[in-house]
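In listed order, ligands and their atoms are each counted from 1. Computed from heavy atoms alone, side chains included, the values below leave out hydrogens, waters and symmetry copies.
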Amino acid sequence: MSKNIWIIANWKSNKTIAEALDWVSKVGPGLPEKDNLKVVVCPTFSCLSEIKKAVEVGNFPLMVGSQDLSPFGVGAYTGEESAALLKELISVSILGHSERRQNFSETDEMVAKKVEQAMQNNITPLVCIQGPDTPVLEDYKLIAYEPIFAIGTGNPDTPENANTVAEKLKNKYGQDLEILYGGSVTSSNIASFIREPNINGALIGNASLDAEEFVKITKECL
Ligand code: PGA
């Protein structure tokens, strides 16, 4: 069977509810359907519920994810979004993104707790690592390799180097790992990344905001 390809849109802190719904109405009907192609949109928390509804109503081949979740369960944690509550809305969660590590002092220990919460609630954690020094624990099965220099810069890593990093990670942590590449992926370079044998897709920021460009990216994966 051919390998899984994950195409994950990370909207970061962008889009009003109206803009988010407009995106779903354009992207949903344009998405290719293929068993091994897993397309996920990760909007802001404020859009999750509306997006989930729109995807269900349209019956689109699109999963919904979050960009973070709480390291704690439900209870007295003001401002947090617990996995136990989010599970009604999401099936995937981006955890340990470098922007969270840099701007919100997120540590490897916090990421590990978040992964645990996600797994207890049947949410697939997508753990972002910035390089070979970021710890990968046994539970981490879906990883995004995102070198800082490549994020939002228009200066992606080379597919060859991303593949070498992915290969090393698999050799170190297990061949069952699925490893995505992230950092300045567009419709022009996605094919060169997923062509690499050890890369299982991409985490996409800027280029995922534009509906037309995002559909183009998914079509490059066929
Ligand atoms: P970018 O962001 O595609 O805008 O480089 C990727 C990411 O931060 O996940």
Side-chain angles (χ1 to χ4, degrees), residues 4-15 19-20 23 27 38-45 47-48 51 62-69 90-106 108 110-111 114-115 118 123-134 136 140 142-163 165-166 169 177-196 199-221:
N4 281 337
I5 299 290
W6 295 82
I7 295 296
I8 305 191
N10 175 13
W11 284 358
K12 311 191 179 184
S13 207
N14 288 293
K15 289 196 191 292
E19 287 165 348
W23 185 98
V27 167
K38 298 175 185 302
V39 186
V40 187
V41 60
C42 300
T44 59
F45 287 120
C47 290
L48 274 179
I51 292 239
L62 182 61
M63 286 183 266
V64 181
S66 69
Q67 301 168 20
D68 187 28
L69 50 73
I90 62 169
S91 47
V92 176
S93 185
I94 301 171
L95 299 175
H97 192 282
S98 59
E99 287 157 10
R100 296 212 53 83
R101 294 179 193 258
Q102 275 169 1
N103 300 315
F104 304 97
S105 310
E106 200 160 293
D108 294 328
M110 282 161 77
V111 175
K114 291 177 179 195
V115 170
I123 296 167
T124 302
L126 167 62
V127 181
C128 300
I129 69 166
Q130 292 70 49
D133 296 336
T134 312
V136 173
Y140 302 3
L142 187 62
I143 300 282
Y145 160 61
E146 294 205 315
I148 309 254
F149 69 80
I151 296 182
T153 58
N155 175 31
D157 200 345
T158 61
E160 296 75 23
N161 189 55
N163 185 61
V165 172
L169 288 167
L177 275 187
E178 290 187 308
I179 300 163
L180 318 188
Y181 166 73
S184 300
V185 171
T186 65
S187 60
S188 319
N189 61 26
I190 180 71
S192 61
F193 284 101
I194 61 167
R195 203 178 292 134
E196 295 291 339
I199 294 185
N200 284 93
L203 179 56
I204 303 160
N206 274 333
S208 76
L209 293 171
D210 183 82
E212 211 177 301
E213 167 70 357
F214 188 70
V215 170
K216 248 186 182 174
I217 290 173
T218 61
K219 291 194 169 149
E220 289 288 325
C221 298

### Task
Drop me the distance from Q67's CD to R100's CZ, to the nearest 0.5 angstrom.
9.0 Å
### Message
If the condition is side-chain hydrogen bond (donor to acceptor under 3.5 Å, both in side chains), which residues does W6 pass it with, not counting sequence neighbours?
### Response
E178
## Note on the structure
For P159 and I199, the nearest pair of non-hydrogen atoms, with its separation, is O-CD1, 4.3 Å
## Note on the structure
Using heavy atoms and a strict 4.0 Å limit, residues surrounding ligand 1 turn out to be N10, K12, H97, E146, A150, I151, G152, G183, S184, L203, I204, G205, N206
### Query
Would you find a donor on one side and an acceptor on the other, under 3.5 Å apart, between the side chain of T186 and the backbone of S188?
yes
### Query
Quick check: are there more than 12 heavy atoms from other residues, nucleotides or ligands sitting under 6.0 Å from CD of E212?
no
#### Entry: Atom NZ of K216 with >12 non-hydrogen neighbours under 6.0 angstrom
no
